[in-house]
Amino acid sequence: IKLALGEVWRVNGQWPQAEAIDRDALAQAEALGAVKLQAQAQRALADVMRLLGHYDAALEWLAQAEAHFEITGDQRGVISALWTMGEIYWYKGNHSQALAALERQLQMATEINDQRGICEALDTMGMVYWSQGDWEQSVECCQKSIAIAEPLGYKLVITRAAITLGNVGVSRRDQAMAVRWYQTAYQIAQEIDDRQVLAWAITNMAGIYRDAGAFRRALA
């Protein structure tokens with residue numbers, strides 16, 4: 001229950017609260033000797049530390065989480081740890097290590113038919129490819145991710161892929177594409193109260209208005 005509450009706080013932007021309850025959950029799991037719960041708490045804590053900008057600490061927690069997931073034979077857990085690992089390496093600008101982690105995640109998820117793991121990997125690979133300027137690969141990954149996530153109702157992944165597709169639109173100077181995808185991200189993020197994606201969508205739309213000379217709309 002505490003890990004679930006931490007996830008809610010993480011998504012709606014209450015990151016210090018999420019960190020506190022994840023640490024509490026980890027301490028209780030350790031006291032109980034519940035290895036699987038320890039791994040889940042370590043991965044959750046790593047995700048919050050990533051958002052707070054403590055990338056190296058997050059990677060240390062993920063290494064512990066991955067080891068514990070492997071001890072318990074929890075492949076889905078390993079897949080989730082690799083996803084967060086890939087994102088951290090992307091934030092650190094290490095695209096080769098990010099793609100290595102995400103490709104491993106994609107392979108493992110495909111082997112066990114973990115649809116969530118597949119679309120998570122593809123979504124984040126799309127972000128990395130966009131950062132590298134490989135827009136075709138980025139679009140392909142994001143569209144595949146959305147196609148898998150939609151039947152699952154996995155809106156968290158859809159919003160992130162939509163942001164990346166909007167970024168590709170900006171990079172291509174295709175304003176219509178950028179606006180369409182940023183608006184999609186904003187609308188779906190409102191449904192799930194994902195404040196990080198809401199902030200991205202609003203900021204990026206402001207940039208489009210600024211570049212178009214619509215300064216009052218940009219300021220708003």
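These numbers come from a predicted model, not from an experiment.
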Colleague: Kindly check if the number of other-residue, nucleotide or ligand heavy atoms within 6.0 Å of CG (Leu32) is above 12?
Modeller: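 Yes, the 6.0 Å shell around CG holds more than 12 heavy atoms from other groups.
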
Colleague: Could you list the residues that satisfy salt bridge (Lys or Arg N to Asp or Glu O under 4.0 Å) with Glu150, not counting sequence neighbours?
Modeller: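 Not a single residue meets the salt bridge (Lys or Arg N to Asp or Glu O under 4.0 Å) criterion with Glu150.
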
Colleague: Does any part of the side chain of Glu66, heavy atoms only, come nearer than 4.5 Å to the side chain of Met85, both counted from C-beta?
Modeller: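 Yes, close enough: below the 4.5 Å cut-off.
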
Colleague: Could you list all the ring-ring contact (aromatic ring centres under 6.0 Å, His included) pairs where at least one residue sits in residues 160-197, not counting sequence neighbours?
Modeller: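 Sorted pair list comes back empty.
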
Colleague: Can you check whether Leu165 reaches Ile146 side chain to side chain, under 4.5 Å on heavy atoms?
Modeller: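 Of all side-chain heavy-atom pairs linking Ile146 with Leu165, at least one is under 4.5 Å.
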
Colleague: What pair of heavy atoms forms the shortest contact from Ala161 to Cys142, and how long is it?
Modeller: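 Closest pair (atom of Ala161, atom of Cys142, distance): O-SG, 3.9 Å.
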
Colleague: Taking all non-hydrogen atoms of both residues, which atom of Arg10 and which atom of Ala18 are closest, and how far apart?
Modeller: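 Smallest interatomic distance, heavy atoms only, reads N-CB, 3.9 Å.
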
Colleague: Under 3.5 Å, which donor-acceptor pairs link side chains of residues 49-56 to any protein atom two or more places apart or in another chain?
Modeller:
unit_1: Arg50; atom_1: NE; unit_2: Asp47; atom_2: OD1; d: 2.8
unit_1: Arg50; atom_1: NE; unit_2: Glu87; atom_2: OE1; d: 3.4
unit_1: Arg50; atom_1: NH1; unit_2: Glu87; atom_2: OE1; d: 3.2
unit_1: Arg50; atom_1: NH2; unit_2: Asp47; atom_2: OD1; d: 2.8
unit_1: Arg50; atom_1: NH2; unit_2: Glu87; atom_2: OE1; d: 3.4
unit_1: Asp56; atom_1: OD1; unit_2: Lys92; atom_2: NZ; d: 3.0

Colleague: Identify, with sequence neighbours excluded, every residue that meets side-chain contact (heavy atoms from CB on, under 4.5 Å) alongside Arg180.
Modeller: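 Testing Arg180 for side-chain contact (heavy atoms from CB on, under 4.5 Å), a comparison that skips the adjacent residues, returns Met177.
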
Colleague: Check the pair Val139, Arg172 against side-chain contact (heavy atoms from CB on, under 4.5 Å), reporting the backbone distance first and the verdict last.
Modeller: CA-CA 12 Å; Val139 169; Arg172 287 176 167 173; 4.1 Å; yes

Colleague: Strictly by salt bridge (charged side-chain N to carboxylate O under 4.0 Å, His left out), give each pair with a member in residues 19-28 just once, sequence neighbours left out.
Modeller: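 Applying salt bridge (charged side-chain N to carboxylate O under 4.0 Å, His left out) to every pair that reaches into residues 19-28, excluding sequence neighbours, yields Lys2-Asp24, Glu19-Arg23.
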
Colleague: Kindly give the heavy-atom pair with the smallest separation between Ala25 and Ala41, and that separation in Å.
Modeller: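 Closest approach of Ala25 to Ala41: C-CB, 4.3 Å.
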
Colleague: Heavy-atom distance under 4.5 Å between the side chains of Cys141 and Asp123, does that happen here?
Modeller: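 Contact flag for Cys141/Asp123 side chains = no.
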
Colleague: Decide whether Ile158 and Val11 are clustered together by the hydrophobic rule: side chain heavy atoms of Ile, Leu, Val, Met, Phe, Trp, Tyr closer than 4.5 Å, transitively.
Modeller: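 They do not share one cluster, since no chain of ILVMFWY contacts under 4.5 Å joins Ile158 to Val11.
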
Colleague: Using a side-chain heavy atom cutoff under 4.5 Å and only I, L, V, M, F, W and Y, what cluster partners does Leu37 have?
Modeller: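 Grouped by the 4.5 Å side-chain rule, Leu3 form the rest of the cluster around Leu37.
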
Colleague: In the hydrophobic cluster built from side-chain contacts under 4.5 Å, what are the other members alongside Trp9?
Modeller: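 Traced through the cluster, Trp9 reaches Leu5, Ile21.
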
Colleague: Does the side chain of Leu122 reach to within under 4.5 Å of the side chain of Ile148, using non-hydrogen atoms?
Modeller: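 The answer is yes; the side chains approach within 4.5 Å.
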
Colleague: Would you be so kind as to tabulate the donor-acceptor pairs closer than 3.5 Å made by side chains of residues 75-84, with sequence neighbours excluded?
Modeller:
unit_1: Arg76; atom_1: NH1; unit_2: Asp114; atom_2: OD2; d: 3.0
unit_1: Arg76; atom_1: NH1; unit_2: Glu120; atom_2: OE1; d: 3.3
unit_1: Arg76; atom_1: NH2; unit_2: Glu120; atom_2: OE2; d: 3.1
unit_1: Ser80; atom_1: OG; unit_2: Gly77; atom_2: O; d: 2.7
unit_1: Trp83; atom_1: NE1; unit_2: Glu120; atom_2: O; d: 3.2
unit_1: Trp83; atom_1: NE1; unit_2: Thr124; atom_2: OG1; d: 2.6
unit_1: Thr84; atom_1: OG1; unit_2: Arg43; atom_2: NH1; d: 3.2
unit_1: Thr84; atom_1: OG1; unit_2: Ser80; atom_2: O; d: 3.3

Colleague: May I have the step-by-step check of side-chain contact (heavy atoms from CB on, under 4.5 Å) for Asp194 and Asn12, ending in yes or no?
Modeller: CA-CA 5 Å; Asp194 186 338; Asn12 70 21; over 6 Å; no

Colleague: For Glu70, give me all partners under salt bridge (Lys or Arg N to Asp or Glu O under 4.0 Å), at least two apart in sequence or on another chain.
Modeller: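 Partners of Glu70 by the salt bridge (Lys or Arg N to Asp or Glu O under 4.0 Å) criterion, ordered by chain and then number, come out as Arg104.
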
Colleague: What's the shortest heavy-atom distance between Asn94 and Ser96, and which atoms?
Modeller: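 In this case the closest contact between Asn94 and Ser96 is OD1-OG, 3.1 Å.
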
Colleague: Can you find a pair of side-chain heavy atoms, one from Arg195 and one from Asp193, that are under 4.5 Å apart?
Modeller: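 Result yes, sub-4.5 Å side-chain heavy-atom pair found.
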
Colleague: Does Phe215 have any side-chain contact (heavy atoms from CB on, under 4.5 Å) partners at least two apart in sequence or in another chain, and if so, which?
Modeller: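 Phe215 satisfies side-chain contact (heavy atoms from CB on, under 4.5 Å) with Arg210 once adjacent residues are dropped.
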
Colleague: Ala58 and Ile88: which non-hydrogen atoms are nearest, and at how many Å?
Modeller: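 Nearest heavy atoms, Ala58 then Ile88: CB-CD1, 3.4 Å.
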
Colleague: Asp134: which residues meet the salt bridge (Lys or Arg N to Asp or Glu O under 4.0 Å) condition with it, sequence neighbours left out?
Modeller: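 Partners of Asp134 by the salt bridge (Lys or Arg N to Asp or Glu O under 4.0 Å) criterion come out as none, since no residue qualifies.
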
Colleague: Linking I/L/V/M/F/W/Y whenever their side-chain heavy atoms sit closer than 4.5 Å, directly or via other members, would Val35 and Leu26 fall into one cluster?
Modeller: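 Val35 and Leu26: separate clusters.
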
Colleague: Does Trp200 offer a backbone N or O that forms a donor-acceptor pair with the side chain of Thr203 under 3.5 Å?
Modeller: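 No: the side chain of Thr203 does not pair with the backbone of Trp200.
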
Colleague: Is the shortest side-chain heavy-atom distance between Lys36 and Gln40 below 4.5 Å?
Modeller: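 When only atoms from C-beta onward are counted, Gln40 and Lys36 do touch, with a gap below 4.5 Å.
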
Colleague: Find out if a path of hydrophobic residues (ILVMFWY) with successive side-chain heavy-atom gaps under 4.5 Å connects Tyr154 to Leu102.
Modeller: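 Yes, one cluster joins them.
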
Colleague: Considering only heavy atoms from C-beta outward, does the side chain of Tyr89 approach that of Leu59 to under 4.5 Å?
Modeller: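 Counting from C-beta outward, Tyr89 and Leu59 do come under 4.5 Å.
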
Colleague: Could you list the residues that satisfy salt bridge (Lys or Arg N to Asp or Glu O under 4.0 Å) with Glu140, not counting sequence neighbours?
Modeller: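 Partners of Glu140 under the salt bridge (Lys or Arg N to Asp or Glu O under 4.0 Å) test: Lys144.
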
Colleague: Answer yes or no: is there a donor N or O on one side and an acceptor on the other, between the side chain of Trp130 and the main chain of Ser138, under 3.5 Å?
Modeller: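 Absent.
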
Colleague: Would you indicate whether the side-chain heavy atoms of Asn204 and Asn167 approach each other to under 4.5 Å?
Modeller: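 Counting from C-beta outward, Asn167 and Asn204 do come under 4.5 Å.
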
Colleague: I need the minimum non-hydrogen distance between Met127 and Trp90, along with the two atoms involved.
Modeller: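 Closest pair (atom of Met127, atom of Trp90, distance): O-NE1, 3.6 Å.
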
